[in-house]
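Every chain is numbered from 1 and lettered A, B, ... according to where its sequence line falls, protein lines coming before strand lines. None of these values were measured; they are calculated from a predicted model.
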Amino acid sequence: MSKNVAVSTQGPLRSAGMPDPPSPYSISSTSSESSAPSTSVPGPSVGGPVEKGSVTDRRRAESLLVAENISKRFGGIAALSEMSLTVDRGEAVGVVGPNGAGKTTLFNCLLGIEIPDTGRIIFDGKRIDNLPVYKRARMGIARTFQRLELFSEMTVREHLLLAQRSARGRVSLLADLINHGSASKAEEELADHLLALLKLEDVADTAVDGLSLGHGRLVELGRALAMSPKLLMLDEPSSGLDYNETKALTKVLEQVREEQGVAVLLVEHDLEMVSEVVSRLYVLDFGRLIAEGMLDDVLSDTGVRQAYLGQVASGEGQR
Amino acid sequence: MPQIVVYGLPGIPLGCIFALIAVGLVLAYTTSGVFNLAFGAEAYAAALLFYVAVHAGWPKWAAFVVSVVLFGPALGLAMDRYLFRHIRTASTLAKLIASLGLLIAIPRLTEVIFGNAVRMAPPSLILNPNHIYFHLGSYAVSGIEISTVGVTTAALIVLIGLFGFTQLGLRMRAVVESPRMVQLTGINADRVSMVAWVISGAFASLAGVLLAPLYAQLLDYNFTGLLVSGIAAAAIGGFTSLPLAFAGGIGLGVIQEILGGYLPSGSILSSGLQDAFPFLVLVVMLVALPSLKREHETNDPLASCDPPPPPLASTLRNQSFDRWTRYASWTILFIFVLSVVTWIPGNWVFTLSQGMVFSIIFLSITLLTGMSGQLSLAQATFAGVGAFAAGQLADHFGLSVIAGMFVGGLLAAAVGIIVAIPTLRMGTLALALGTFALALLVGSVVFPYSWAGNGNSGISVPRPLIGPVSFQDDRAFFLLSLVILVLCSLVIIMIRRGMVGRSLLALRSSEVAASTIGIDVRRLKIMVFALSSGIAGIGGALFASLQQSVSPADFSYDLSLLFVVVVVTAGVRTVEGAIEAGIGYYLLLQIMDFLPARYSGGVILPILFGLGALSYARHPEGLVEFQKRVWTERLLRLRDRLGGTPSTPDSDLPDEVVIPAVHHPPATG
Ligand SMILES: Nc1ncnc2c1ncn2[C@@H]1O[C@H](COP(=O)(O)OP(=O)(O)OP(=O)(O)O)[C@@H](O)[C@H]1O
Ligand SMILES: [Mg+2]
């Protein structure tokens, strides 16, 4: 593993010229120095102390999600070590790394399912690291799960309607007692639209328990999209899908991004899918960030290729 | 010798028994994730066997061998082999309900086998119980104390030996983490949990035999009550540490006796607080324990290797089936009501009203357990809160019983919220144990007061009077209960069909996923718990008014346990299930009244429903509900065969295999 570490310390990626750098993505101090510091960007309304006028400050104002220094230990395992990451509005960002690298843990920390030991998270200009999961969700973070977490006994359409309602915090006992909490016209329309988009019309009124994995992944995606999120986090959406299903999923994802302009944070082993969807990539290994940068730069870096792709190949073989 | 030591010393033998219970509970819990509420019943059955054998003239050692060496472990083995092994990956709720079924069924089964004679002065294992063998300072040590401490120590040494000289302890810990992972490494997880259950059974029987002579009479009630002390001791060990559980047991026994020594004797507060102490400890531990948060069901990293559970029969809709049941139930309801107001004799009208009133209380279980997957073991207590509130308000302030009913419901809901807030957050097991503690605590400390349930004499509650209309007459009261039952049912149905119901469904599948779509899980759970306790309170008030006099005995904690088992067997997922449970149970109870006491409804029904609840993991929709569906479908198929167009795909599926939902594409094109 020493090779991986070498990648991050030498940092050839970061110095390799980025094609068009509108904002400084790199977090390492060297690249911050090289980019011009901005001074006049007004500070966002955040709870925590913010160093005025720094680069970080400007990035915070522009970025949808800023996570800084996130660490999480499980007993003796450092699942995440000082991970930092940003996602701009409408941007698609990938996170890759071998099994056990901490990708799912990162998602869990961002949403508050796990409470990170250190670090802070800013979403849409507000500190969210003290908020419970449901509040973060209502602010506009939606996710899918690596292992399907569908609501058993509910139909696909019910998933889409419930997610719309709950994401706005509008589930109420009173509404149920008055009119069964039945969906409004707008809610029905969005559900129909998503069903059409995800090609789930045929199974719209089927309980999800009987669905195939491919359909299940689409329902999870639909459930997340029904929340009209600002950020969509996908945890290995292609795992368990065959080539064609993955292709279809990629296409849907492109369509959604075009339509809704939602930002995407994608965890994925399938590098083909990753390269089709994202423009920027983070590489994790043993909970550490070993590389980050524009997609092509990271992928063409031989260190990452050898370390990561070699790893994936052997990891894939074991599964 | 200081006074505190004198007070505390008699606590040691008592603490030894608590410790035995705690160790037995922890053993089973750590290896199979089953919190074995039936432990008290195991202990009772062994004690009874010992009693019967000794009274049949057997030497004590032979009776000991049969009850503790053979019966206890065999029962543990059977419970593991035929029940708990098969539901190791089931939800906490399913496991709790299974053990609850046994807790209800076993004592009544022994009654059928050995009769229900009054059994005074249970024999002690060794030594003469009341003889003073020596003095410890100024404290006289009796035979029973020596034997209890001695035998417990011996059991402990055996256990330590077993753990020290084999890899059992290590393997047990591994099995807890992931039974499947352990299987992969070549250890037989089934065997490890089997050994744990056998030891647990031996400890249960030992505790039972030791405990029996501490009471004047052999009663299953005492054993269940003591179970809570054992649970509290186990909680001190975080439900996982054997040494801490053991130490916790001794400590509890000693402190309880010290409390008894210093508190003024004879008052409700003294006896109540002494009783209440273990529950307070349990509640504090439940709230403080972080380890409980992670429940077994979510822990197993290989859990996804299991095939998904079969879909629920109740979710599979069949239009023609729906139509049939709807027609049938409306017709039955109509005939039923018409009959009651016209020709059914008065005592049966009363029984039916009783059934409907209990149906209302049972609806609270439908809402809580069936719809939100939580388990409360205090529904009878909430009913009692409603009943006593309505009664006292009518008595002191002349408040109409109908108004009192709603105030009682609100009060019950408030009590529910107070319990729910600290325990709900900790998960299913904590809520179940917390409510169990509440039921015992309120039953022994609050209800006896004259301002509440007024002890054994109870309070009287009038029948309602709405304007000029009096419901004094049983038939009029029947109609009133019917209306209230229909209203409560409607509320539940509306909730189930609405977004709150969907949210609950979501919650039951995956709390994490539910919160990631913005559902405030905690608030939702508390709301449902409050609503559920409120409905139970309303039902309780109505029950009080029906009976016209109620006492705390009408709402004792064991009734709550029975309620759960009855509803679960009839069908906890549907409103019909609750109504069938309520009316069915009390009707059967009345019908079986003519049987000899040993086989009366009060004995046989708990056995049937208790055993029925064992199938909960397999048929969460309820046995009765399941059979109803199977039979209706047979009828439908019969109709199809007799001509008419087939309404279901014509396949000869065995009954266990569920027929696909109507919207699935048909299997045969
Ligand atoms: N709840 C937990 N308790 C203990 N350890 C955990 C927990 N969750 C994750 N871990 C550990 O943290 C590390 C990172 O796990 P994580 O699931 O985040 O990896 P991942 O990158 O998502 O892997 P994969 O590609 O297999 O999904 C692993 O070593 C894992 O065993
Ligand atoms: Mg993962």
Side-chain angles (χ1 to χ4, degrees), chain A residues 107-108 111-113 132-155 158-159 161-183 202-210 220 223-224 226-227 229 233, chain B residues 294 298 301-305 308-317 371 373 425 487 490-524 527-528 530-531 573 620-621 658 660-665:
Chain A
F107 272 23
N108 288 344
L111 252 180
I113 295 166
V133 181
Y134 77 93
K135 282 198 178 150
R136 301 189 202 196
R138 288 182 191 176
M139 284 179 71
I141 309 182
R143 79 169 283 184
T144 66
F145 293 86
Q146 182 172 358
R147 240 172 58 191
L148 285 189
E149 301 263 9
L150 290 171
F151 302 141
S152 136
E153 293 174 44
M154 269 164 68
T155 68
E158 285 171 344
H159 274 76
L161 293 175
L162 176 64
Q164 291 183 52
R165 203 50 89 78
S166 58
R168 278 182 287 130
R170 291 267 175 77
V171 174
S172 97
L173 195 61
L174 207 61
D176 281 2
L177 293 181
I178 292 167
N179 65 351
H180 283 186
S182 47
D202 291 346
V203 291
D205 296 307
T206 311
V208 293
D209 307 65
E220 278 217 345
R223 181 178 68 188
M227 299 167 62
M233 309 203 300
Chain B
R294 284 191 188 284
T298 58
L302 290 185
S304 60
C305 298
L312 287 183
S314 63
T315 63
L316 304 174
R317 295 199 188 90
M371 286 165 66
R425 166 174 76 91
L487 285 179
L490 278 180
V491 167
I492 307 266
I493 290 172
M494 298 288 258
I495 292 176
R496 195 220 309 277
R497 295 211 184 137
M499 283 295 169
V500 174
R502 303 270 152 76
S503 306
L504 289 174
L505 219 47
L507 199 74
R508 239 183 18 199
S509 295
S510 166
E511 271 186 32
V512 169
S515 60
T516 58
I517 63 164
I519 293 174
D520 185 348
V521 172
R522 198 168 133 73
R523 190 173 149 255
L524 185 64
M527 187 178 83
V528 167
L531 197 61
R573 306 294 293 272
E621 77 274 30
V658 282
V662 100
H663 296 291
H664 275 304

Test item: [X] and [Y] side chains (from C-beta on) under 4.5 Å apart, heavy atoms:
| X | Y | result |
| --- | --- | --- |
| B:L490 | A:L177 | no |
| A:R138 | B:D520 | yes |
| A:F145 | B:T516 | yes |

From CA spacing to verdict: side chain to side chain contact (heavy atoms under 4.5 Å, CB included), A:V171, B:R523: CA-CA 11 Å; A:V171 174; B:R523 190 173 149 255; over 6 Å; no
Winner by heavy-atom pair count (cut-off under 4.5 Å) against chain A, out of B:R497, B:M494, B:M499: B:M499
SB check B:R573 A:E153 (cutoff 4.0 Å): yes
Under 4.5 Å from any heavy atom of chain B - which part of A:L111: side chain
Engaged part of A:L161 at the chain B interface, taking heavy atoms whose separation is under 4.5 Å: both
If you look at every heavy atom in [X] and [Y], which pair is closest and at what distance?
| X | Y | result |
| --- | --- | --- |
| B:A513 | A:R223 | CB-NH2, 4.0 Å |
| A:A137 | B:G518 | CB-N, 3.6 Å |
| B:I517 | A:F151 | CD1-CE1, 3.7 Å |
| B:S503 | A:L162 | OG-CD1, 3.5 Å |
| B:R502 | A:M154 | O-SD, 3.6 Å |

Option in A:R143, A:R136, A:E149 with maximal non-hydrogen atom pairs under 4.5 Å from chain B: A:E149
Distance in Å, A:L150 CG paired with B:S510 OG, rounded so as to fall on 0.5 Å steps: 9.0 Å
Donor-acceptor contact below 3.5 Å, side chain A:S152 vs main chain B:S509: no
